[in-house]
Each structure stands twice: as C-alpha cells, then as structure tokens.
Engineer: 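Can you keep this structure in mind? I'll have questions shortly.
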Amino acid sequence: MDDGVAPTLSLDEPSVPQQYTVGEDILIEASTTNFADFKWTVVASLSKNPVLPDFTVTQQPYSQNLSYTWDTSGRLPGSFYLGVAARKGDVLMYEFTAFLITLVVHDMWVEMSADGAPSPRYDHDAVWTGNEMFVWGGRDNVNYFATGGVYTPWADAWTATSLVNAPSGRTGFSMTWCGDRAIVWGGFANGSYLDDGAAYFPASDTWVPISSQNAPAARADHRAVWTGTFLIVWGGEASSTTLNDGGIYDPATDTWTALEGANRPSARKNHGMAWVDTGLIVWGGVSFNALSDGYFYEFASDEWSEISSTNAPNARFDHHCAYLPARGMVVCGGEDGFGPLADGGAYDPVSDTWNPIPAAGAPDAYFDSSVELAGQYVFSWGGFNNGFSFDGGLYDLNTGTWRDVTDENSPEGRSEASSVWTGSVIIIWSGKVSGGYTDTGFYYFP
C-alpha cells in the first residue's frame, strides 16, 4: 500500500562529468531510503528535469541500492543527462546528476538526417546553443533566405524556425550565441547593406527585433563576439569601403553604444575577432591588401593597443579565429589574396606571444573550408580549389602535430558549409557541392 511518502534518492555514480566511448560500460550506482514497495528506473534525457525522459536505460525492482552496468553498444553518440527515478506506489521522484554524460567515437563520420532540414544554401551561419544547433540565413543562386532550423543531435531531428519577426534574408551577417538567444545583425541582400537585426530564442521559437537606434552603420563581412554581457560588432564593409568602427549592444536594455576608441586598428573586413577575458582582439582581415596586424581593445579603458607580430601568421582574411582560456586565440586557414592557406598560430594574450601552427602535415589548402577550434584540436576540412575537397586534418595543440581525418563515410566534398563544435563533436551542414547545393550534414568525432 502507498503511504504517500516519496523515496529519498542519492545518485552516486557517475559523480563527475564523464566522457565514454560508444560501446564502453557505464557504472550506475544509487541508493534510497524509505524503499519498501518501489521500483528503480534509470533514464536519460536532454533536460535535467524532464517531463518525459528521452529513453529508459533499465528498470530494477525492490532493492535499497542500485548497481547497474550499462553496455552502451549500439547507442548513438551524443550528450545527455543520466538520472534515476523511483516509484513508490503512485509517487514518482526523479534524481539527476548535475553533469552531462557524453558518448563519443573517434575519427568517425556519421550522417545526419536531412528530413525537415532547411533548404540547401551557402553563406549561412550556425551556432551551438549548448544542446542544439541553430542555422539561419544564407542564399542560393536566386534567393536570400530568411528561414532556418534547429537540429537536435540526440533525436537526429530538425525543427523549422518561426518566420514571425524574423530578419529579412541576407548573407555576410553576424550571428552570435548570447547565452539564451542568437543575435543576427547586419549583412547584405539585393544590392543593399543592412543595419538591422533580431534575437532568436530557441526555447520559445520566437524572434524579437533589436533596436536600430545608435546602431553601427549598415555593413556586411563584419565580426561580432559575446562578452557574457554585451554583443560587440566591429569592422566590415559598406559600399566598397572598409570600416574601423563598431558598436556595443546591451540586450538587457536593448541599447547600442558606439565603439571607436583611441589608436584603433585600420579599417578591414573578413578579419578574426575574439573576446579574451577583459577585452577584444582583432587580427588580420583585408582592406586593399591582406593584413597581418592585430590589436587588443581594453573594454574598461576604451583604448586599443597593438599586439606582438613576432612569429604571427602571415597576412590573411576569411580565416577562423576563436579563443579558449587554456589555448589562447587560435587563428587558422583563410586566404591571402593569392591563394588559400593551411597554417596559422595560437596567441597567448598574457605573454603577448605567438606559437605557430605549421602548414607541414596539414591538409592541402582550399578556399572556404570548414575550420573549427575543437578542444585541444584545430579541425580543417573541405573547401574548393579547382574542385571540391572532402579531405581534412586535425592539429593537436598539445603535441604540435597534424593527423589526417578519415575519408571513410565522409561528406560529399563542399565549400561554404556551416560548422559548429558541440564540445564533443563537429557538425558540418549544407554548402556548395558539385552541381549545386546540399541540405545534408554530418558529425565528425575527433
């Protein structure tokens, strides 16, 4: 008989964030008080507090302590929360770990579902929200797209995004993940540079236009970063003129403040830009020629200062640029106006020094390849140079060496695809392919 008192649960293992290889055993241990007449259920979910779990791992009856070894063979790679539920009579209680469990494979490609994916395109953008990938915008030979989609890796499923209050279709825009929303701003479409934007909230599938009062002048091929509080937009091009100004957007108040500052960098577009703890780094880009200089913007003092150029990469634009505290600012790929580049460098803002990333051992250089900073690795794949490439490589920042990315089950060669790093896998989607465009996508597991 149910006495109406819920079990008290303690999930003991796994007790810290864990990453497992698909096929590995996971030990799950839990204990309870008030355990008479109840059942254990071990569940997995994308949410810490699900209304319904995504799948059940096991069910165990009538014991105070649970000890279960889960063989993960046959599971899809991905990240999820692991937890337990206990039912005593009609009372159901969940207890979840505070950590994600991640199942991975290594040097392997897995194709994503294309069912419900946005239409094929290029020059679009994608961001990782922490649980899902949001893609939006871009174009084909005829259309500028105002459409997008949210991809849920664990479910291998696409959901179309709302068009209500969405920005107009465009390319050359910035799209930045800002905690709980993706902010789209600026860009180019139908012969015009744009100075408007909107925030997309995946949790509610809603767009909210952002203020244009005091926003930077219309532009495309600029860059934007999230500081944790503010969105910073800088540089770009308008009417064939490169720019060296920008703006600071505060989502909390929906207001813009001009970003100029003393000793600011020369005008440029298609540069690299990263937020580094207390300030902003701008490096490279192109104006009349490719550039190889960089500047640090101290947010508190509103001042720019030039960073070291010793051992810095050669001049380039359209390169990948990202920052992780343990790795510094990593620059890789791009082009210099004469051809594509495969090398790069890692910049330490504390010591103001560069550590080169060599071209030796890297995959052949291609235009518009997919480059991502993926933990300890720099991932470079695909692109176009007298043909579409499906080759790639991983540069290990710890060992200073390149290794090949497998060709087995790799995507069709493509350029101008979107790519994101989820924390465990790289997702590549859409882009130009031989004969047109594609709506296919793939995971790559480093």
Side-chain angles (χ1 to χ4, degrees), residues 125-130 134 136-137 172-187 195 197-200 210 215-216 219-237 242-252 254-261 264-265 267-285 291 293-305 307 317-334 344 346-349 371-374 378 418-421 423:
D125 206 352
V127 294
W128 179 246
T129 72
F134 169 54
W136 187 85
F173 58 95
S174 59
M175 187 164 80
T176 313
W177 182 247
C178 301
D180 63 350
R181 71 200 75 182
I183 297 181
V184 170
W185 190 84
D195 63 355
Y200 177 72
I210 66 175
R219 65 193 65 199
D221 297 329
H222 54 286
R223 296 294 183 261
V225 297
W226 174 241
T227 72
T229 304
F230 305 106
L231 176 74
I232 299 180
V233 169
W234 192 88
E237 176 188 49
T242 49
L243 305 167
N244 70 337
D245 63 354
I248 302 170
Y249 175 71
D250 184 350
D254 191 29
T255 55
W256 287 93
T257 304
L259 172 58
E260 295 176 343
R264 56 185 164 167
R268 62 194 69 197
K269 64 177 181 177
N270 294 325
H271 46 289
M273 200 162 86
W275 178 255
V276 180
D277 299 327
T278 62
L280 177 76
I281 298 180
V282 169
W283 189 87
L291 303 168
D293 60 344
Y295 288 78
F296 179 78
Y297 174 73
E298 180 66 46
F299 194 80
S301 64
D302 188 31
E303 292 183 350
W304 294 89
S305 58
I307 68 173
F317 57 96
D318 267 344
H319 49 283
H320 181 72
C321 180
Y323 175 77
L324 287 176
R327 310 296 175 189
M329 181 186 72
V330 176
V331 167
C332 193
Y347 174 74
D348 181 350
V371 182
E372 287 292 330
L373 178 58
V378 179
S418 60
S419 59
V420 298
W421 167 244

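Residue numbers count from 1 along this sequence. Values reported hereafter were calculated over all heavy atoms of this structure, with side chains retained and with hydrogens, waters and symmetry mates removed.
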Engineer: Any heavy-atom pair between the side chains of Cys321 and Met329 that's under 4.5 Å?
Structural biologist: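 Met329 vs Cys321: side chains touch.
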Engineer: What are the two closest heavy atoms between Ile210 and Ala199, and how far apart are they?
Structural biologist: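 Minimum heavy-atom separation between Ile210 and Ala199: CG2-N, 4.0 Å.
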Engineer: Pairs of donor and acceptor atoms involving the side chains of residues 242-249, under 3.5 Å and at least two apart or interchain, shall be tabulated with distances.
Structural biologist:
residue, atom, partner, partner atom, Å
Thr242, OG1, Ser287, OG, 3.0
Asn244, ND2, Pro265, O, 3.0
Asp245, OD1, Arg219, NH1, 3.0
Asp245, OD1, Arg219, NH2, 2.9
Tyr249, OH, Asp254, OD1, 2.6

Engineer: When you measure from the side chain of Arg268 to the backbone N and O of Gly284, does any donor-acceptor pair fall under 3.5 Å?
Structural biologist: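 Present.
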Engineer: Taking all atoms of both residues into account, what is the closest heavy-atom pair of Pro251 and Arg181, and its distance?
Structural biologist: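 It is CB-NH1, 3.7 Å.
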Engineer: How long is the straight-line distance from CG of Leu280 back to CD of Glu298, given to the nearest 0.5 Å?
Structural biologist: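 Rounded to the nearest 0.5 Å, the CD-CG separation comes to 11.0 Å.
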Engineer: Does the salt bridge (Lys or Arg N to Asp or Glu O under 4.0 Å) test come out yes or no for Asp318 and Arg223, once each step is laid out?
Structural biologist: CA-CA 11 Å; Asp318 267 344; Arg223 296 294 183 261; 3.8 Å; yes
Engineer: Between Trp256 and Trp185, what is the ring plane arrangement, given parallel below 30°, perpendicular above 60°, and tilted in between?
Structural biologist: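 The arrangement is tilted - the two ring planes meet at 30° to 60°.
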Engineer: Distance from Arg264 atom CZ to Tyr295 atom OH, nearest 0.5 Å?
Structural biologist: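 One gets 12.0 Å once the value is rounded to the nearest 0.5 Å.
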Engineer: Please report the closest heavy-atom contact between Val371 and His320, naming both atoms and the distance.
Structural biologist: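 What the structure gives for the nearest pair is O-ND1, 3.1 Å.
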Engineer: Would you say that Trp177 contacts Thr129 through its side chain, given a criterion of any heavy-atom pair below 4.5 Å between the two side chains?
Structural biologist: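 Counting from C-beta outward, Trp177 and Thr129 do come under 4.5 Å.
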Engineer: Closest heavy-atom contact between Ala215 and Asp195?
Structural biologist: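 Distance-wise, the nearest heavy atoms are CB-O, 4.4 Å.
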Engineer: CD1 of Ile183 to OG1 of Thr176: how many Å apart, nearest 0.5 Å?
Structural biologist: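 Rounded to the nearest 0.5 Å, the CD1-OG1 separation comes out at 7.0 Å.
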Engineer: Would you check if the side chain of His271 reaches a backbone N or O of Trp234 as a donor-acceptor pair within less than 3.5 Å?
Structural biologist: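 Pair found, side chain donor or acceptor close to backbone of Trp234.
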Engineer: How many angstroms lie between OH in Tyr347 and CD1 in Ile281, if you round to the nearest 0.5 Å?
Structural biologist: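 Here the interatomic distance stands at 5.5 Å.
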Engineer: Enter the distance from Ser418:OG to Met175:CE here, rounded to the nearest 0.5 Å.
Structural biologist: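 If I round to the nearest 0.5 Å, the distance is 8.0 Å.
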Engineer: Please walk me through it: do Tyr200 and Trp136 pass side chain to side chain contact (heavy atoms under 4.5 Å, CB included)?
Structural biologist: CA-CA 10 Å; Tyr200 177 72; Trp136 187 85; over 6 Å; no
Engineer: Where is the tightest heavy-atom contact between Ala224 and Leu231, given as atom of each residue plus distance?
Structural biologist: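 Nearest heavy atoms, Ala224 then Leu231: CB-CD1, 4.0 Å.
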Engineer: Please report the C-alpha distance between Asp125 and Phe173 in whole Å, then the side-chain angles of each, then the deciding distance to 0.1 Å, and finally whether the side chain to side chain contact (heavy atoms under 4.5 Å, CB included) criterion is met.
Structural biologist: CA-CA 8 Å; Asp125 206 352; Phe173 58 95; 3.8 Å; yes
Engineer: Indicate the ring-plane relationship of Tyr297 and Trp304, choosing parallel, tilted or perpendicular according to the 30° and 60° boundaries.
Structural biologist: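 Tilted.
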Engineer: If you apply the rule side chain to side chain contact (heavy atoms under 4.5 Å, CB included), what do you find for Ile232 with Phe299, and how did you get there?
Structural biologist: CA-CA 10 Å; Ile232 299 180; Phe299 194 80; 4.1 Å; yes
Engineer: Taking His319 for its side chain and Gly272 for its backbone only, find out whether a donor-acceptor pair lies under 3.5 Å.
Structural biologist: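 Yes.
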Engineer: If you compare all heavy atoms of Tyr323 against all heavy atoms of Trp275, which two are closest, and at what distance to 0.1 Å?
Structural biologist: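 The pair with the smallest heavy-atom distance is CD2-O, 3.4 Å.
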